[in-house]
There are 2 protein chains.
Amino acid sequence: MSLDISEYARVAREIGVDAVALVPGPNFTRLVGHPFMSHERPFLLVIPSNGTPAALVPNLELRSWDLVGFDGAVFDWRDQDGYDAAFTALTGHLRIRSLAVEGQIMRVFVHHALKRAQRDLEIIDGEAAISGLRVIKTGTEIEALKAAIAVSERALEKTLASVSLGQTEAEIEQALVLNLFAEGAEDHAFRPIAAAGDNSARPHAKARPDYRVEAGDALLIDFGARKHGHCADITRTVFLGHASDEAREVYDTVLRANRRGHQVTKAGITAHEIDDAVTGVLEASRFADRIRTKTGHGLGREVHEAPYIMRGNHQVLPAGTVFTNEPGLYKIGAFGVRIEDDVLVTETGSVSLTTYPTDLQVLTC
Amino acid sequence: MSLDISEYARVAREIGVDAVALVPGPNFTRLVGHPFMSHERPFLLVIPSNGTPAALVPNLELRSWDLVGFDGAVFDWRDQDGYDAAFTALTGHLRIRSLAVEGQIMRVFVHHALKRAQRDLEIIDGEAAISGLRVIKTGTEIEALKAAIAVSERALEKTLASVSLGQTEAEIEQALVLNLFAEGAEDHAFRPIAAAGDNSARPHAKARPDYRVEAGDALLIDFGARKHGHCADITRTVFLGHASDEAREVYDTVLRANRRGHQVTKAGITAHEIDDAVTGVLEASRFADRIRTKTGHGLGREVHEAPYIMRGNHQVLPAGTVFTNEPGLYKIGAFGVRIEDDVLVTETGSVSLTTYPTDLQVLTC
């Protein structure tokens, strides 16, 4: 078996650069088939627009690297010696003038090592085109996403069944995490959010160890399992004990926006058009001043990836795209509501991969 | 309360740059007191060598940012508008010519955004000095490390008690993860390793779903909980059913190296000297050809951080440094042994924060 680098060589030709570089992360894992760590050690796979690839590999990873079926030149380096000589050997071997890198993934110390080795190397941010190869999910990837979502929804159900008044946000979050792993998560996709009351109005809230949930609170849970290397990302907002009239009206508004997102989606729509439709529902309500976020983002090996579902992004969504549909309304100092589904784009419409009910839920706890 | 930026301003003066920049990650969290996410959104805190700091903040984080007690200028940006205008406003406000960044943490898209905003800005990798502020742990940080280690050791004990022949590596790993969270981990410090037989000879092995452990196998478990934002990193290697004479001799060699590391450590020793002592024990054995790694690395908010315990690194370790002492011997295709403790440097010697026994353990499973 040898690695199929042809897609990345094609990206290099499309961008008009001499080569594409991948570092450990989602694109690297997608190509080589299993995850590598980088930490403080540079690890680089360079795929020229034409010709054979080359890799710069930490010596202690060589035995694992042997398993990936790589045909090209390998430049390894040992901790004791540092990596500058390996970079010089790599760039001397490649003889390229321009290199597209993953701007969202490659760190500055690798960028600087490349520039030290070859001062005139032009390093271009090729993130959009490189990670763009991940936009259309394969059947296997969709099954992995479904598995991650199934684990997540079972964990959510168990967690909500265990919530009681007087628990802290941190306790609820801890229960959620434990349930995720008990249900078979291989990791969580991101540090989950369990935020109640006024904290639910912060889109990226952190659970508080000292806030005890009260009757009437909104409880916003935003979380996801990772399974087979793929991420779920789900938000549900429930109310504890009772929900005020205002809370019900806000919830209904967000739910209508979420449903509008499902309705308008089909292959060929742009990210802009989806956000315009979803955010348009929120804007037409009397809560327009509570809008703080775009509609969503792509979902796959990373919990945030292209395409970003926002106005101004005129990227066309092909069938096989998976994105989050997560409208929300946030009243600072009071409460927030977000409802987030993971949506698969199809030729004829959309399929919600999340199946956990979105109707307003008042927990009797 | 306002943020105490004085240490970072001092680092800027020491490096001789006009300012230091932090992005979400361990230094950022250490300074502002709780973690922020960045994902695809640039988020930047700039601390000048003299004067007031400035921040570039994604608009949806503004309400969380309000909580950190930041006094300086804030340049926010919305997804819909992109962030280039905010970078231009930030650099126009700062009027600096050189900026030290965290090379191991800042990604290329932020680097490029800075360069687009100010073409002549000199961006220097200040990782060593910036993250160097984390080398000496405070009492609170040491307590957090102890808590992470206590959780991890309880999880290890439960996991080893449940191992049985015929389990897959992946099943053992999954049990370990579940035990970590059940014991109170807030996260795992890194994706754990549970590797048996020939897979244990790969320093960064991945658990195999299709390999069932057999009598006579080495089982290497390298893992750690995160607690209060701090990481444990522990390895133990046990044998299943029985251990061969060779395995016992290898184990004894690695254990002697590990103990040597504890013995030589005290404030004032260099990283080079520790590695030299530890690796020296391995080199003096008949297994010298099985050495593949350095002795270890610093441990704290990140599982790999400075100081890196290796020959050639003549950094002096002050009291309060915490590092991993993890010698190993790896026979490719056969088995590996690693014994890893987390060591606190004191004025008079060292304290092993890990207390799980290191004597050879043969599981009767």
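Chain naming here is simple, since letters A, B, ... match the order of the sequence lines and numbering starts at 1 in each. Keep in mind it's a predicted model, so treat the numbers as computed, not measured.
Of the atoms belonging to A/R202, it is side-chain heavy atoms, and not backbone ones, that fall under 4.5 Å from chain B. Residue A/E302 does not touch chain B at all, counting heavy-atom pairs closer than 4.5 Å. Both the backbone and the side chain of B/M106 come within less than 4.5 Å of a heavy atom of chain A. Heavy atoms of B/Q174 lying under 4.5 Å from chain A belong exclusively to its side chain. Contacts between B/V303 and chain A at a heavy-atom distance below 4.5 Å involve the side chain alone, from C-beta outward. Both the backbone and the side chain of B/R63 have a heavy atom closer than 4.5 Å to some heavy atom of chain A. Interface remark: B/Y330 contributes no atoms to any contact with chain A (heavy atom separation under 4.5 Å). When heavy atoms are compared at a cutoff of 4.5 Å, B/H188 approaches chain A solely by way of its side chain, counted from C-beta outward. Neither the backbone nor the side chain of B/L180 comes within contact range of chain A; no heavy atom of the residue lies under 4.5 Å from a heavy atom of that chain. Residue B/E40 touches chain A through both its backbone and its side chain, counting heavy-atom pairs closer than 4.5 Å. With a 4.5 Å cut-off on non-hydrogen atoms, B/K294 touches chain A through its backbone and its side chain both. Only the side chain of B/I332 comes within less than 4.5 Å of a heavy atom of chain A; its backbone N, CA, C and O stay farther away. Proximity to chain B (any heavy atom under 4.5 Å) is restricted, for A/H112, to the side chain, taken from C-beta onward.
In terms of heavy-atom proximity, A/S38 sits nearest to A/R107 at OG-NH2, 3.4 Å. Nearest heavy-atom pair, A/E326 versus A/R338, reported as atom, atom and distance to 0.1 Å: OE1-CD, 3.6 Å. Here the shortest heavy-atom pairing between B/I309 and B/A271 reads CG2-O, 3.7 Å. Nearest heavy-atom pair across A/P24 and A/F43 is CD-O, 3.3 Å. Of all non-hydrogen atoms in B/K158 and B/A182, the two that sit nearest each other are NZ-CB, 4.3 Å.
Taking A/M310, A/H272, A/H304, A/M37 one by one and counting their heavy-atom pairs under 4.5 Å with chain B, the maximum is reached by A/H304. Interface remark: of the candidates B/A170, B/S64, B/A306, B/S64 forms the most heavy-atom pairs closer than 4.5 Å to chain A. Between chain A and the residues B/Q104, B/R292, B/E102, the most heavy-atom pairs under 4.5 angstrom are made by B/Q104. Heavy-atom pairs under 4.5 Å with chain A were tallied for B/D79, B/N199, B/V177; the largest tally goes to B/D79. The most heavy-atom pairs under 4.5 Å with chain A, out of B/E127, B/H34, B/E61, come from B/E61. Most heavy-atom pairs under 4.5 Å with chain A, from the set B/V101, B/T293, B/I105: that is B/I105.
Within the model, atoms CD of B/E122 and NZ of B/K115 stand 8.0 Å from one another, a figure rounded to the nearest 0.5 Å. Expressed to the nearest 0.5 Å, how far CG of A/L282 lies from CD1 of A/I291 amounts to 5.0 Å. Between atom CG of residue A/D187 and atom CZ of residue A/R226 there is a gap of 6.0 Å, rounded to the nearest 0.5 Å.
The closest side-chain donor-acceptor pair between A/T324 and A/D233, if any, does not fall under 3.5 angstrom.
Between B/E173 and B/R191, at least one side-chain nitrogen of the basic residue sits less than 4.0 Å from a carboxylate oxygen of the acidic one, meeting the salt-bridge criterion.
Remark: A/R78 CZ is loosely packed, at most 12 non-hydrogen atoms of other residues, nucleotides or ligands lying under 6.0 Å away.
A side-chain hydrogen bond (donor to acceptor under 3.5 Å, both in side chains) with A/R311 is found for exactly one of A/T270, A/D276, A/D275, namely A/D276.
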